[in-house]
Asks: 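My questions will all concern the structure given below.
These numbers were taken from a predicted model, which means no experiment stands behind them. Lettering follows sequence order; numbering is per chain, from 1.
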There are 2 protein chains.
Amino acid sequence: MTFSEENYLKTIYHLTTLLDSEISTNAIAEKMETKASSVTDMLKKLSEKNLVNYKKYQGVSLTDKGLHSAKMIVRKHRLWEVFLVDKLDFAWDEVHDIAEQLEHIKSEKLINKLDEFLNFPTEDPHGDPIPNAEGMIVKVEKQLLSELTEKQAGVCVGVKDTSSEFLQYLDKQEIALGSKIEVMSKESFDLSLKIKVGNKELMISNKIAANLFVKKV
Amino acid sequence: MTFSEENYLKTIYHLTTLLDSEISTNAIAEKMETKASSVTDMLKKLSEKNLVNYKKYQGVSLTDKGLHSAKMIVRKHRLWEVFLVDKLDFAWDEVHDIAEQLEHIKSEKLINKLDEFLNFPTEDPHGDPIPNAEGMIVKVEKQLLSELTEKQAGVCVGVKDTSSEFLQYLDKQEIALGSKIEVMSKESFDLSLKIKVGNKELMISNKIAANLFVKKV
DNA sequence: ATAAATTTTTAGACAAAGCTAAAAATTAAA
DNA sequence: TTTAATTTTTAGCTTTGTCTAAAAATTTAT
């Protein structure tokens, strides 16, 4: 499988987890910053290889084979991210682009040895689940901080947006995976929140809250 | 730089360390298992980019820029090999193909962090030197076991042939980097050697001896 | 229900990196 | 030194993955 094929599969996989329906050509093109015509070409090719179900004008979905391949790519990406943060001491906002390259390294033995070396982590540095060698994913029941109501509290277990800006904002506010967050009050006008992290109180916009996953406690 | 360009540079570098003269198109083609015409095409391209000195029919050599790039690729290859053997517990005959992929990952920060994580090794698992971040190589004065005369002894510091067959042969004979090898006698007919490794004596062919580097003691 | 807007596909081109076959240059041999 | 053998380059074709522009299908809106 080529890098390009792998990138398409991964993108279709990610879009599927968001929308859980047939994925449109345009949606893929937009996410990959390429042209719809290029996407069509690749979909035909992936379809030939039985990696996707594709019918002209009808959108696309992953076959079992395609889903498994996609999960293995995601597995590699996230394991390498853990390696970079836990072993090489990278910050969580620096690892995406490097993992984007490392995810294409082909060696089952390598990735399983790496998994073992990292002590079989179940989540990457952003809180996203790591499929195991069989492709199984352990789902943590999590919700967006923006979904909590006043007086509810949760532990930060992940982020939706993984951009450097957002991650660095969190670092600045000393919000990390594992931090306990309590919703003190919620402004009905703009849905901004007053929250308590550790023993500090701060105001955050709804946009921030809508990109932070918490597990209710 | 593309993977292909990097592979050509690396090959030219390796051939240069063996022959230290202008490298022929055919030599490159043979080493890379490709056609001379493909090599010519690439040499033109690398020449355009000022990575090699190339004059039609005259062979090729690396420019300073090309030499530095080649060394950085070799550096990455060898550091990843150390990682695979030391950290992930691969055998020394299993790492080449994976390192061949990993050497193309682009991130200076990654490779320098990896270097640090591995505690700045100076040699890979086969005894080949690892260029430092500036491209400097610490040369160990070593020679082939086949060059030793009767009664001389040396410590195994590297291998010339890195094929699985050879490395597994060495494993079987319990010869590893650091093993002390003493030449007991040398057969003038076929140049085979009787050697002592640890407290075991064994017979080895000249071909074996000519692929083992030792440092005289 | 039909026209307008949008989405998707097709057709045709291009760059990268490879190949084959033929031509040109170099080297070796008679 | 001229011919023969070898090496290297050129020319032209192929595949992969991209693009633009135009055509076709679908969806939305009047």
Asks: Take the protein atom CG of B:D41 and the nucleotide atom C1' of C:dT20, then report the distance between them rounded to whole Å.
Replies: 12 Å
Asks: Would you say A:K35 places a side-chain N or O within less than 4.0 Å of OP1 or OP2 belonging to D:dT18?
Replies: no
Asks: Kindly say if B:S37 contacts the phosphate of C:dA21, meaning a side-chain N or O under 4.0 Å from OP1 or OP2.
Replies: no
Asks: Find the distance B:Q58:CD to C:dT27:P and express it as a whole number of Å.
Replies: 7 Å
Asks: From CE of A:M42 over to P of D:dC19, roughly how many Å is that when rounded to an integer?
Replies: 11 Å
Asks: Could you state the atom-to-atom distance from NZ of A:K55 to P of D:dA25 in whole Å?
Replies: 16 Å
Asks: Report yes if at least one side-chain N or O of A:T25 is closer than 4.0 Å to OP1 or OP2 of C:dT9; otherwise report no.
Replies: yes
Asks: From the list D:dT18, C:dT9, D:dT9, which nucleotide is the closest neighbour of the side chain of A:S4?
Replies: D:dT18
Asks: Choosing from C:dT10, D:dT18, D:dA24, which nucleotide comes nearest the side chain of A:Y57?
Replies: D:dA24
Asks: OP1 or OP2 of C:dT8 versus the side-chain N and O atoms of A:N26: is any pair under 4.0 Å?
Replies: yes
Asks: Is A:S24 close enough to C:dT7 that one of its side-chain N or O atoms is under 4.0 Å from OP1 or OP2 there?
Replies: no
Asks: Give a yes/no on whether any side-chain N or O of B:Y54 is located under 4.0 angstrom from OP1 or OP2 of D:dT8.
Replies: no
Asks: Rounded to whole angstroms, how far apart are CD1 on B:I23 and P on D:dT8?
Replies: 11 Å
Asks: Tell me whether the OP1 or OP2 atom of C:dT10 has a side-chain N or O from A:K56 closer than 4.0 Å.
Replies: yes
Asks: Check the distance between D:dT16's C1' and A:E5's CD and give it to me in whole angstrom.
Replies: 9 Å
Asks: How many Å lie between NZ on B:K44 and C1' on D:dA11, as a whole number?
Replies: 10 Å
Asks: So, are B:E123 and B:R78 salt-bridged, with charged N and O less than 4.0 Å apart?
Replies: no
Asks: Base, sugar-phosphate or nothing for B:F3? Non-hydrogen atoms, less than 4.0 Å.
Replies: nothing
Asks: Without swapping roles, check the side chain of A:R75 against the backbone of A:I130 for a donor-acceptor pair under 3.5 Å.
Replies: no
Asks: Should B:E6 and B:K106 count as an ion pair when the cut-off is N to O under 4.0 Å?
Replies: yes
Asks: I'd like to know if B:K109 and A:E94 make a salt bridge, using a cut-off of under 4.0 Å between side-chain N and carboxylate O.
Replies: yes
Asks: Are A:N50 and A:T63 close enough that a side-chain donor and a side-chain acceptor fall under 3.5 Å?
Replies: no
Asks: Starting at atom NZ of B:K49, determine the distance to atom C1' of C:dA16, rounded to an integer number of angstrom.
Replies: 10 Å
Asks: Is any side-chain N or O of A:Y8 closer than 4.0 Å to OP1 or OP2 of D:dT18?
Replies: yes
Asks: OP1 or OP2 of D:dC19 less than 4.0 angstrom from a side-chain nitrogen or oxygen of A:S38, does that happen here?
Replies: yes
